[in-house]
Amino acid sequence: MKAHSFHIPVMGIGFTIDTPLKVSHLGIDSAISLVDDILLEKLRKMYANIFDQSYIEITEDSEDFRAKRITSYLNLVKSIAEKKFTELKNITDGASESLKEYFDFLPDTSTLKQQFNNLTTKCCTVNELKDFLEETLCMGSIDVNIMTKVDKENFTKKEKLPTIYNDAHAALRGFAQSDLKSSVIFSAGMNPRLYSYLEEFEDFYPDKEGVLKKKIVLKVSDYRSALIQGKFLAKKGLWVSEYRIESGLNCGGHAFATDGYLLGPILAQFRDQREEFLTETSNIFKKALSLKDRYIPESILPVKFTAQGGVGTAEEHEFLLRHYKVDSIGWGTPFLLVPEATTVDDETLNKMVKAKEDELYLSDISPLGIPFHSLKSNTKDEEKRALIAKDRPGSSCPKKFVALNKEFTEKGICTASRQYQHLRIKDLDKENLNPEMYQKEYDKITEKSCTCVGLGTSALLKYNLDTKTEGSGVSICPGPNLAYFSKIMGLKEIIGHIYGQSNVIERTDRPNLFIKELTIYITFLEKKLKETGNLIDLKQKKYLLVFVKNLKEGVFYYKETFNTCKKELENSYEKVLADLEINEQILNQIKVKIENS
């Protein structure tokens with residue numbers, strides 16, 4: 001029985017790197033990023049020392065060191081988390097504080113909490129209570145996250161290694177060879193080569209009880225991409241156990257914008273076509289297992305459909321669960337302000353507490369070339385600007401996890417690196433542009449920031465670990481929702497907020513999550529329109545008009561939906577409808593502007 005109806009998604013590289021050690025024993029699911037094996041190795045050494053575990057360093061001289069580091073870190077996390085969970089259930093000398101927290105954190109509507117309260121009020125024996133705890137309590141899942149596009153090729157001296165030693169492939173192998181019984185979450189889109197590599201590992205196939213030791217989760221932004229990826233994996237006899245539906249723009253970290261398709265209508269499609277979706281993928285899955293002469297489960301294997309992106313109130317949480325019948329809600333950005341759950345250095349934490357809307361922006365700083373939510377005052381960008389002022393733009397690129405660009409070199413380099421920016425600026429100097437155009441192009445080049453280092457450094461600073469290689473600059477990637485959370489919170493405080501037992505938002509002007517997403521999309525559309533200049537060609541016009549059409553259809557859908565859900569949205573109903581009217585007028589004006597261009 002799952003304890004909670006929320007989960008903590010992966011955040012950055014280091015912000016949830018040890019979150020399972022903080023919350024798993026309390027029944028809360030969370031995810032570890034597998035981008036940075038160097039950081040994982042440093043934390044493995046630290047935690048091995050804290051918990052008196054053996055530690056033998058895995059150096060870069062070791063064969064397959066990246067996968068081995070990941071496996072070793074995950075095994076250590078599992079061992080420590082399970083020990084904490086076992087201690088939590090030990091009531092020989094009375095209930096532990098952790099056990100009290102476990103049940104205290106549950107909502108009052110929780111069946112598990114009600115059963116526990118009934119049992120303890122009946123003056124049950126210690127053995128009866130022990131049996132209940134053993135049979136009903138479960139740990140939070142210790143999941144991992146792999147960005148499919150961060151799959152850099154690797155070399156020994158000048159010799160390119162086989163594909164299985166690419167970064168994402170090695171990360172997958174590290175997870176697959178670990179002792180964890182949990183899920184790998186694939187984000188950033190489809191990577192057919194990486195997905196095919198899953199076939200090599202037995203734990204991703206159902207055993208004779210139909211149980212998957214290791215599960216596959218896909219982070220998706222629309223129904224079509226989910227179905228394509230689900231069927232691709234099903235044809236290989238691989239089952240997707242969760243489709244994690246995230247808002248295209250109202251989220252933290254990298255933002256994968258749809259063409260104006262909004263979260264509400266997307267969730268409605270998943271809800272309404274769920275059975276059709278599962279039947280289609282299951283039939284393909286069973287046929288593939290048959291061709292591989294593997295065990296075929298009699299019924300459709302369990303699947304969760306979850307949602308995340310911009311959720312900020314108990315009302316929104318409950319609405320998504322009930323109206324769209326999703327199985328769990330991801331709460332990301334607010335947990336960045338919860339030191340009991342995530343790992344953020346004190347300076348960055350205090351900056352986030354003070355951050356307002358104008359300090360949170362959808363930036364172009366990511367070397368992956370994907371829009372990236374960021375905080376304007378982050379210290380990694382301050383470090384970047386200082387280098388530009390010295391006429392030495394670009395990072396020294398100490399870790400090279402996103403060294404993927406082959407524009408100038410046979411071996412990939414990062415677009416945020418000093419090497420790339422130097423070469424690109426040399427080319428720019430030859431173009432004889434006027435000063436205004438030159439500066440514009442120069443700024444585009446130097447805007448890129450060393451996020452693969454910056455997103456992990458916070459953990460090193462928090463734990464006073466060596467940052468000689470990385471430097472002290474921190475990148476942080478909260479979503480726009482951060483503007484409405486303005487204090488450091490305890491775990492009990494944020495969970496109470498999620499379940500409506502308390503309210504941590506002091507501002508009264510926070511927009512509904514659907515409205516916030518709509519306004520972000522309109523801003524994104526206006527930026528696209530501005531980029532086209534005064535003359536829009538037919539292809540651009542067609543794209544922009546389709547974008548407007550999809551947004552207007554989304555507005556129409558919300559009007560209909562909210563008119564039938566007045567009771568469920570009693571705290572925000574009137575405001576939502578007024579905001580929809582305003583945004584619909586803006587869209588009409590944009591449409592006219594495009595048509596007349």
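Taking each heavy atom of Pro265 and Gly554 in turn, the nearest pair found is CG-CA, 4.2 Å.
No hydrogens or angles considered: a donor-acceptor pair under 3.5 Å links the side chains of His4 and Tyr499. A side-chain donor from one of Glu242 and Thr306 sits under 3.5 Å from a side-chain acceptor of the other. Of the N and O atoms on the side chains of Asp143 and Ser141, at least one donor lies less than 3.5 Å from an acceptor on the other residue. With no hydrogens or angles considered, a side-chain donor-acceptor pair links Asn481 and Arg510 at under 3.5 Å. Remark: the Tyr573 side chain and the Asn563 side chain contain an N/O donor-acceptor pair separated by less than 3.5 Å. Checking Lys22 against Thr343 by side-chain atom types alone, a donor-acceptor pair falls below 3.5 Å. Side-chain atoms of Tyr261 and Ser221 form no donor-acceptor pair, as typed in the model, at a separation below 3.5 Å. Counted by atom type alone, Asp29 and Ser328 present zero donor-acceptor pairs between their side chains at under 3.5 Å. Using modelled atom types and a 3.5 Å distance limit, the side chains of His7 and Trp331 yield no donor-acceptor pair.
Cation-pi geometry between Arg274 and Tyr243 is not met: the NZ or CZ atom fails to fall both under 6.0 Å from the ring centre and inside 45° of the normal. In this structure, Lys236 is positioned above the aromatic face of Phe232, its NZ or CZ under 6.0 Å from the six-membered ring centre and within 45° of the axis. Relative to the six-membered ring of Phe175, Lys214 meets both conditions, a distance below 6.0 Å and an angle of at most 45° to the axis.
With a 6.0 Å radius and a threshold of 12 heavy atoms from other residues, nucleotides or ligands, Asn118 has its CG atom above the threshold.
A salt bridge links Arg69 to Asp37: at least one charged side-chain nitrogen sits closer than 4.0 Å to a carboxylate oxygen. Using a cut-off of 4.0 Å between Lys/Arg side-chain N and Asp/Glu carboxylate O, Lys152 and Asp167 are scored as salt-bridged. With respect to Glu134 and Lys130, no salt bridge is recorded, no charged nitrogen being found less than 4.0 Å from a carboxylate O. Salt-bridge annotation for Lys84 and Glu87: absent, with no side-chain N of the basic residue lying under 4.0 Å from a carboxylate O of the acidic one. A salt bridge is defined here as a Lys NZ or Arg NE, NH1 or NH2 lying under 4.0 Å from an Asp or Glu carboxylate O, and Arg173 with Asp64 meets this definition. Taking 4.0 Å as the cut-off between side-chain N and carboxylate O, Glu202 and Lys213 do not count as a salt-bridged pair.
Atom CD1 of residue Ile370 and atom CE of residue Met147 lie 5.5 Å apart, to the nearest 0.5 angstrom.
A ring-centre distance under 6.0 Å is not found for Phe335 and Phe15. Taking the six-membered ring where the residue is Trp, the centroids of Tyr205 and Phe201 are separated by 6.0 Å or more. You'll find the ring centres of Phe562 and His323 outside the 6.0 Å limit. A ring-centre distance under 6.0 Å is not found for Phe305 and Tyr324.
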